[in-house]
2 protein chains.
Amino acid sequence: MSETATATAPRLLDRRELAAWRGMVRTQVLLAREFEAELVRDHGLQLTAYEVLMHLVDAQDGRLRLSDLATLAVLSRSGLTRLIDRLEREGLVVRERCPSDARGYFAVITAKGREQVTAARKDYLDNVRARFLDLVSDEEQEQLGAIWTRILQALEPGLKP
Amino acid sequence: MSETATATAPRLLDRRELAAWRGMVRTQVLLAREFEAELVRDHGLQLTAYEVLMHLVDAQDGRLRLSDLATLAVLSRSGLTRLIDRLEREGLVVRERCPSDARGYFAVITAKGREQVTAARKDYLDNVRARFLDLVSDEEQEQLGAIWTRILQALEPGLKP
DNA sequence: AGGTGAACGTTGCATCTGCAACTGTTGCGT
DNA sequence: ACGCAACAGTTGCAGATGCAACGTTCACCT
């Protein structure tokens with residue numbers, strides 16, 4: 001009963017832990033807000049739409065199975081369904097049946113989609129550099145990468161190669 | 001035209017930058033998902049509700065101006081209004097007029113709110129430790145804290161002391 | 001073959017969120 | 001004092017998202 005707070009208080013975080021954890025949460029949320037606002041303003045793309053299109057341009061043949069896309073974009077499958085609906089309405093992607101699995105569909109990026117995401121990507125990456133990468137030294141970047149790999153490894157036991 | 005991609009391709013991120021940036025985004029999103037799911041399941045609190053209550057218990061007299069709370073929780077003011085509505089309906093906070101400014105309100109945490117957030121905090125912090133802090137050495141935590149401070153400083157020029 | 005459980009994608013429903021517009025209040029400049 | 005811009009909080013509205021349930025198809029096992 002020598003603690004300062006109530007007797008049932010759980011062990012809180014010390015200064016170091018607090019700075020590492022809360023700082024990350026706040027940084028990520030604020031950066032995401034900022035980047036999304038610019039994407040919407042300059043390119044008419046939500047962050048999730050940008051992420052999906054980005055994964056598509058980077059994929060083989062510009063196509064990906066919907067469920068893979070959901071995993072990559074960290075969206076529920078229903079959320080992805082409706083996002084693809086919107087993108088298809090805007091002519092940025094099309095759905096194509098999967099020849100080898102009648103249950104499945106591919107999302108395929110269109111030429112218009114490629115143009116739009118390429119333009120958006122330039123501004124987005126400029127932003128990432130200006131607000132994040134330029135403030136972190138090469139050595140720190142290496143270290144960050146190692147940390148994320150460690151944590152993600154623990155979070156996602158079985159992940160594609 | 002010796003590049004592999006189209007001629008208009010912007011400079012993308014190299015391996016190191018990619019690992020540092022994408023890793024952070026993915027880590028944060030997956031951790032938030034995980035933590036929120038557990039908070040909802042075990043304590044009936046959304047992540048934003050937890051954050052608001054947490055800021056309130058940590059605040060002087062368990063009270064904070066609504067707009068300060070919105071800033072702390074990184075929510076729009078309308079979003080916060082409705083969140084406080086919900087929390088008030090559940091008896092976890094109450095609104096009180098601000099004596100010195102007739103435009104303003106305080107959100108004040110109730111005894112019930114304190115109980116609930118204290119219980120939730122224990123599990124939440126256990127989770128943060130298990131999935132994040134325990135995987136990061138003390139030195140790395142120090143370094144992370146320094147990085148976030150640097151970035152947040154640039155993002156939020158004028159911040160309260 | 002036949003059957004059963006799992007996977008894929010979609011839909012109904014409820015919830016959460018932000019933007020823009022609005023009301024009321026403050027404080028500053030004249 | 002007065003007027004006017006800025007601020008605090010709320011509300012209408014539209015959009016995005018997840019969960020649970022569903023129909024269809026696949027894969028495996030006997």
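Quick note on labels: first sequence line is chain A, next is B, and so on, each numbered from 1.
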For the base of D:dC26, is there a side-chain donor-acceptor partner from A:Arg103 under 3.5 Å away?
no
In whole Å, what is the span from the CZ atom of A:Arg77 to the P atom of C:dG12?
17 Å
Just how far, in rounded Å, is P of D:dA16 from CD1 of A:Ile84?
13 Å
Which one of A:Asp126, A:Asp58, A:Asp42 satisfies the salt bridge (charged side-chain N to carboxylate O under 4.0 Å, His left out) criterion with A:Arg121?
A:Asp58
Grab the OH-P distance between A:Tyr105 and C:dG9 for me, whole Å please.
9 Å
Nearest-Å distance, CG (B:Leu69) to P (D:dA8)?
14 Å
Looking only at D:dG18, D:dT17, D:dT11, the nucleotide nearest the B:Thr81 side chain is D:dT11
Can you sort out the partners of A:Arg15 under side chain to side chain donor-acceptor pair (under 3.5 Å), two or more places apart, ordered by chain and number?
B:Glu142
Atom pair distance, as rounded to whole Å: CD in A:Glu96 and P in C:dG9:
14 Å
If you assign each of A:Leu80 and B:Phe106 to its closest nucleotide in DNA chain D, which residue comes earlier from the 5' end?
B:Phe106
Among B:Arg114, B:Met54, B:Arg63, whose side-chain contact (heavy atoms from CB on, under 4.5 Å) with B:Ile109 holds?
B:Arg114
Could you tell me the separation between the CD1 atom of A:Ile84 and the CG atom of A:Leu69, rounded to the nearest 0.5 Å?
5.0 Å
Would you call the rings of A:Trp21 and B:Phe35 parallel, tilted or perpendicular, where under 30° means parallel and over 60° means perpendicular?
perpendicular
Using a 4.0 Å cut-off on heavy atoms, which residues in residues 44-67 of chain A reach DNA chain D? List them by number, or say none.
A:Gln46, A:Thr48
How is B:Arg33 classified with respect to the nucleic acid when contacts are heavy atoms under 4.0 Å: base, sugar-phosphate, or nothing?
sugar-phosphate
When we call it a touch if two heavy atoms are under 4.0 Å apart, what does A:Arg95 touch: a base, just sugar-phosphate, or nothing?
sugar-phosphate
Could you state the CZ-P distance from A:Arg97 to C:dC8, rounded to the nearest angstrom?
15 Å
Applying side chain to side chain donor-acceptor pair (under 3.5 Å), name anything that partners B:Gln141, two or more places apart in sequence or on another chain.
A:Arg16
Can you see if the side chain of B:Arg86 gets near the phosphate of C:dC16 - specifically, an N or O under 4.0 Å from OP1 or OP2?
yes
Donor-acceptor under 3.5 Å (A:Gln116 side chain, A:His43 main chain):
yes
Decide yes or no, distance alone: a donor-acceptor N/O pair under 3.5 angstrom between the base of D:dG15 and the side-chain of A:Arg89.
no
For the residue pair B:Arg97 / B:Tyr105, report whether a side-chain donor-acceptor contact shorter than 3.5 Å exists.
yes
Could you check how far CG of B:Asp85 sits from P of D:dG12, rounded to whole Å?
12 Å
Is the base of D:dG12 touched by the side chain of B:Arg82 through a donor-acceptor pair closer than 3.5 angstrom?
yes
Testing C:dT10, C:dT26, D:dT25 for proximity to the side chain of A:Ala102, the answer is D:dT25
Pair of N/O donor and acceptor under 3.5 Å linking C:dC19 base with B:Ser78 side chain:
yes
Considering every strand and a 4.0 Å limit on heavy-atom distances, what is the contact class for B:Leu75: base, sugar-phosphate, or nothing?
sugar-phosphate
Atom pair distance, as rounded to whole Å: CG in A:Asp101 and C1' in C:dA6:
12 Å
